[in-house]
Amino acid sequence: MLLTLQGIKKSYHLGGNIVPALRGIDLMVHHGDFMALMGPSGSGKSTLLNLCGLLDVPDEGTIHLDDGEVGQLPERARTLIRRQRIGFVFQGFNLVPVLTVHDNVEYPLLLSAMPRAAREERIDWILGRTGLSRFGHHLPDQLSGGQRQRVAIARALVKRPELVIADEPTANLDTVTATEIIDLMHELACDAATTFVIATHDERMAKRCARVIHVQDGVILS
Ligand SMILES: Nc1ncnc2c1ncn2[C@@H]1O[C@H](COP(=O)(O)OP(=O)(O)OP(=O)(O)O)[C@@H](O)[C@H]1O
Ligand SMILES: [Mg+2]
């Protein structure tokens with residue numbers, strides 16, 4: 001088992017109010033899963049993804065990555081695990097606007113201190129796989145929405161992470177482009193034996209996912 005979440009509760013504090021976002025979640029993510037989290041707006045999908053990606057910590061419950069408990073590790077230790085093992089694709093791309101496509105994709109490799117020749121090899125590979133070989137020197141604002149989302153996917157996968165967390169990766173894309181992005185993620189998941197956990201409203205995305213988990217009001221519907 002790659003990830004095991006047990007008894008997860010998470011609330012946000014907003015002004016004087018406590019907003020319960022997750023109210024008792026048990027979830028197992030197997031190695032090689034291509035999993036969709038679906039549910040209405042506000043149901044807790046992004047909150048759950050942030051916990052799976054070790055971006056945040058639960059109020060209650062445990063998160064095991066392989067056999068180690070990681071849910072309560074300090075920020076520094078979680079950051080190291082994220083850099084080594086987890087890639088992120090966010091809605092709205094999150095690309096650095098002043099960096100070229102090449103440099104945006106290189107960034108996670110710089111954080112992992114990979115030597116230059118190995119970095120260039122990885123960047124060539126993922127730009128090829130995402131159909132971006134000709135766009136290495138472009139800036140993000142010189143690309144279409146679909147191309148930008150492919151850069152975001154290339155950046156998430158260039159490290160060959162074991163786990164990719166994707167939050168609404170096809171939001172803001174037209175149907176044709178969304179379908180291309182879904183197919184690309186699916187191919188990359190198969191090729192690189194990468195595990196994907198994807199929050200989506202997109203039925204087409206969910207159809208491609210071997211597992212679909214429905215979240216509502218902070219719990220998983222079974
Ligand atoms: N930073 C925050 N501060 C306060 N409340 C928050 C915060 N983030 C999320 N929430 C609340 O937690 C609940 C779950 O939010 P979450 O973002 O996980 O939902 P979601 O399923 O991802 O929704 P969407 O489909 O709109 O992205 C909602 O009630 C939301 O208002
Ligand atoms: Mg969300």
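Numbers for residues simply follow the sequence, beginning at 1. We count ligands from 1, going down the list as the structure has it; atoms in each ligand are counted the same way.
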*Asks:* Number the atoms of ligand 1 from 1 as they appear, then name those within less than 4.0 Å of a heavy atom of Thr47, with their elements.
*Replies:*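 The list of qualifying atoms is 14 (C), 15 (O), 16 (P), 18 (O).
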*Asks:* Tell me the protein heavy atom at minimum distance from atom 26 (O) of ligand 1, and give that distance in Å.
*Replies:*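 Of the protein heavy atoms, Ser41 OG, 2.6 Å lies nearest.
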*Asks:* With heavy-atom distances below 4.0 Å as the criterion, list the atoms of ligand 1 near Gly42.
*Replies:*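 What qualifies from ligand 1 is 13 (C), 14 (C), 19 (O), 20 (P), 21 (O), 23 (O), 24 (P), 26 (O), 28 (C), 29 (O).
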*Asks:* Please name the residue in the list Leu51, Val57, Leu27, Leu73 that meets the side chain to side chain contact (heavy atoms under 4.5 Å, CB included) test with Ile63.
*Replies:*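 With Ile63 as partner, Leu51, Val57, Leu27, Leu73 yield a single side chain to side chain contact (heavy atoms under 4.5 Å, CB included), made by Leu51.
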*Asks:* If we count only non-hydrogen protein atoms and require a distance under 4.0 Å, does atom 28 (C) of ligand 1 qualify as touching the protein?
*Replies:*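 It does: a protein heavy atom is found less than 4.0 Å away from atom 28 (C) of ligand 1.
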*Asks:* Answer yes or no for atom 31 (O) of ligand 1: protein heavy atom present at a distance under 4.0 Å?
*Replies:*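 Protein heavy atoms within 4.0 Å of atom 31 (O) of ligand 1 - there are none.
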*Asks:* Within less than 4.0 angstrom of ligand 1, does Ala199 place any heavy atom?
*Replies:*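 Per 4.0 Å heavy-atom rule, Ala199 does not contact ligand 1.
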*Asks:* Which ligand 1 atoms are under 4.0 Å away from a heavy-atom of Val19?
*Replies:*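 Atoms satisfying the 4.0 Å criterion: 11 (C), 29 (O).
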*Asks:* Show your working on side-chain contact (heavy atoms from CB on, under 4.5 Å) between Lys159 and Leu109 and close with a plain yes or no.
*Replies:* CA-CA 6 Å; Lys159 292 180 299 191; Leu109 300 179; 4.1 Å; yes
*Asks:* Which atoms of ligand 1 sit under 4.0 Å from any heavy atom of Pro40?
*Replies:*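 Near Pro40, the atoms of ligand 1 are 21 (O).
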*Asks:* Between Thr47 and Asn50, do the side chains contain an N or O donor and an N or O acceptor separated by less than 3.5 Å?
*Replies:*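 The criterion, which ignores hydrogens and geometry beyond distance, is not satisfied for Asn50 and Thr47.
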*Asks:* Can you list the atoms of ligand 1 that are under 4.0 Å from a heavy atom of Ala21?
*Replies:*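 Listed by number with element, the hits are 12 (O), 13 (C), 14 (C).
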*Asks:* Check ligand 1 against His201 and write out every atom of the ligand that is under 4.0 Å from a heavy-atom position of the residue.
*Replies:*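 Reading through ligand 1 atom by atom, the close ones are 25 (O).
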*Asks:* When you measure from the Mg ion (ligand 2) to the N, O or S atoms of Ser41, does any of those distances fall below 2.8 Å?
*Replies:*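 Of the N, O and S atoms in Ser41, none lies under 2.8 Å from the Mg ion (ligand 2), which means no.
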*Asks:* Using a 4.0 Å cutoff against the non-hydrogen atoms of Ser46, which atoms of ligand 1 qualify?
*Replies:*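 Reading through ligand 1 atom by atom, the close ones are 17 (O), 18 (O), 20 (P), 22 (O), 27 (O).
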*Asks:* Examine ligand 1 and decide if any of its atoms is less than 4.0 Å from a heavy atom belonging to Gly39.
*Replies:*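 No, Gly39 has no heavy atom closer than 4.0 Å to ligand 1.
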*Asks:* For the side chain of Glu69 and the backbone of Gln72, is there at least one donor-acceptor N/O pair under 3.5 Å apart?
*Replies:*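 Answer holds: yes.
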